[in-house]
Amino acid sequence: MTNSSLPATNITSTEKGTHVSTPPGGGPVPFVIQRRGEEAAPADFLFTRSGPGRYRLRYLDEDPRDRDLHGVLWGRCSLNPVDDDGWPTGEPEWKMMHPFRQRITMQSLRCQVCTEPARTRLGTVFLAGPHDLGPGADTVLTNQPPVCARHVKAAARLCPHLAGRPRVFLARSAPLYGVVGVIYGYSPEHGIHVVAQPEMALPYGHPNLATCLASQLVRRISSFTVLTVDELMRDLDAAP
């Protein structure tokens, strides 16, 4: 189905992060999962004038890495040391995605479990719960990074949000859409402070992005086939 002019129907997970729990007998900890000890870093903000009546949120000690490819400012979160394999250490915070790791895997379409390229011979795989796609929906927004073919079953098992009956979005088109974040404003009484927490993602080009602090990157899936995990694995096995 393809119709990029239709509004997106929903986001295929909660805004706060993944819903992943420890599976019986253990299993892989997805790369995107936040670890204990990784916390939001304190930051000093300022507003700079960007035009008549327009302002931009900035860090006092801003670094180019603080902004994404579209110039949106991102929240800072500490990073734990890595192990000998370069993997994050620390106990998993299973309900949270680390903002930086979510951003880089989503931006580069890398597997959220192992960071390998997620694209398969048939398209890019995104997972969703059984109720995430409304009837007749032609466009879906997701903050869940894709998964590679090798980790589809593992990701489905790790995520209670999928309710044991995950839907697979085999996407032929999934362009970057925008970000999940909070909007800052200024008043003489409170200084720079949060003034809004939008329930839905803000699309790139939205005027509020100038004073937004982003926490998750969102893609728009607008050309896709909906499958079960078993159907996907069968089709991949049969693909040349």
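A donor-acceptor pair is defined here as one N or O able to donate and one able to accept, closer than 3.5 Å; no such pair exists between the side chain of Glu116 and the backbone of Cys111. In this structure, the side chain of His70 does not engage the main chain of Asp68 through any donor-acceptor pair within 3.5 Å. Judged by distance alone, with hydrogens and angles left aside, the side-chain atoms of Asp83 form a donor-acceptor pair with the main-chain N or O of Asp85 at under 3.5 Å. Proximity of a side-chain donor or acceptor of Arg220 to a complementary backbone N or O of Tyr177 within less than 3.5 Å is not detected. Judged by distance alone, with hydrogens and angles left aside, the side-chain atoms of His98 form no donor-acceptor pair with the main-chain N or O of Arg103 at under 3.5 Å. Not one N or O on the side chain of Arg167 forms a donor-acceptor pair closer than 3.5 Å with the backbone of Val226. Formation of a donor-acceptor pair under 3.5 Å by the Gln102 side chain with backbone atoms of Asn143 is found in this model.
Applying the side-chain contact (heavy atoms from CB on, under 4.5 Å) test to Leu69 and every residue at least two apart in sequence or in another chain returns Gln107. Taking the salt bridge (charged side-chain N to carboxylate O under 4.0 Å, His left out) definition, one finds that Arg65 meets it with Asp63, sequence neighbours left out. Arg150 pairs by the salt bridge (charged side-chain N to carboxylate O under 4.0 Å, His left out) definition with nothing, not counting sequence neighbours.
Across all their heavy atoms, Arg110 and Ser108 have their closest contact at CG-OG, 3.0 Å. Contact between Gly191 and His193 at its shortest, heavy atoms only, is O-ND1, 2.9 Å. Between Cys77 and Pro99, the shortest heavy-atom contact is CB-CD, 4.0 Å. Smallest separation of non-hydrogen atoms from Cys212 and Gly181: SG-CA, 4.1 Å. When all heavy atoms of Ala201 and Val218 are compared, the closest pair comes out as CB-CG2, 3.8 Å. In this structure, Gln216 and Trp74 approach most closely via the heavy-atom pair C-CH2, 3.4 Å.
Note on Val179 and Phe126: same hydrophobic cluster, where clusters join Ile, Leu, Val, Met, Phe, Trp and Tyr whose side-chain heavy atoms are under 4.5 Å apart, directly or indirectly. Leu127 and Leu232 fall within a single hydrophobic cluster, where Ile, Leu, Val, Met, Phe, Trp and Tyr side chains are chained together by heavy-atom contacts under 4.5 Å. Two different hydrophobic clusters hold Ile104 and Val113 under the rule that ILVMFWY side chains link at heavy-atom gaps under 4.5 Å. Both Leu122 and Val125 are members of a single hydrophobic cluster when ILVMFWY side chains are connected at heavy-atom separations under 4.5 Å. A continuous path of ILVMFWY side-chain contacts below 4.5 Å connects Val195 to Val72, so both sit in one hydrophobic cluster.
Under a cut-off of 6.0 angstrom, the local environment of CZ in Arg121 is crowded, with over 12 non-hydrogen atoms contributed by other residues, nucleotides or ligands.
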Worked verdict on Val229 versus Lys153 for side-chain contact (heavy atoms from CB on, under 4.5 Å): CA-CA 7 Å; Val229 171; Lys153 291 184 177 180; 3.8 Å; yes

Derivation and outcome, side-chain contact (heavy atoms from CB on, under 4.5 Å), residues Thr124 and Phe224: CA-CA 9 Å; Thr124 305; Phe224 57 88; over 6 Å; no

CA sep, side-chain torsions, deciding dist, call: Arg58, Asp66, side-chain contact (heavy atoms from CB on, under 4.5 Å): CA-CA 9 Å; Arg58 300 184 61 89; Asp66 289 319; over 6 Å; no

Worked check of side-chain contact (heavy atoms from CB on, under 4.5 Å) between Leu109 and Arg219: CA-CA 10 Å; Leu109 290 175; Arg219 284 186 178 269; 3.4 Å; yes

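With rounding to the nearest 0.5 Å, the separation of CD in Glu91 from CD1 in Ile33 is 13.0 Å. Rounded to the nearest 0.5 angstrom, Arg76 CZ and Ser215 OG are separated by 15.5 Å. Here the straight-line distance linking atom OG of Ser222 with atom CZ of Phe169 works out to 12.0 Å at 0.5 Å rounding.
Side chains of Ser78 and Phe100 form no contact here, defined as non-hydrogen atoms less than 4.5 Å apart. Counting heavy atoms from C-beta outward, Pro145 and Met97 have side chains that approach closer than 4.5 Å. At a threshold of 4.5 Å between non-hydrogen side-chain atoms, the residues Leu170 and Thr120 count as touching.
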Expected list for residues 34-41: side-chain donor-acceptor pairs under 3.5 angstrom, two or more places apart:
unit_1 : atom_1 : unit_2 : atom_2 : d
Gln34  : NE2    : Glu38  : O      : 2.8
Arg35  : NH1    : Pro88  : O      : 3.3
Arg35  : NH1    : Gly90  : O      : 2.8
Arg35  : NH2    : Pro88  : O      : 3.3
Glu38  : OE1    : Arg35  : N      : 2.8
Glu38  : OE1    : Arg101 : NH2    : 2.8
Glu38  : OE2    : Asn80  : N      : 3.0
Glu38  : OE2    : Arg101 : NH1    : 3.0

Side-chain polar contacts of residues 233-240 - donor-acceptor pairs under 3.5 angstrom, sequence neighbours left out - could you list them?
none

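The other members of the hydrophobic cluster of Tyr55, by chain and number, are Phe45, Phe47, Leu57, Tyr59, Leu73, Val182, Tyr184, Tyr186, Ile192, Val194, Leu213 (side-chain heavy atoms under 4.5 Å, ILVMFWY only).
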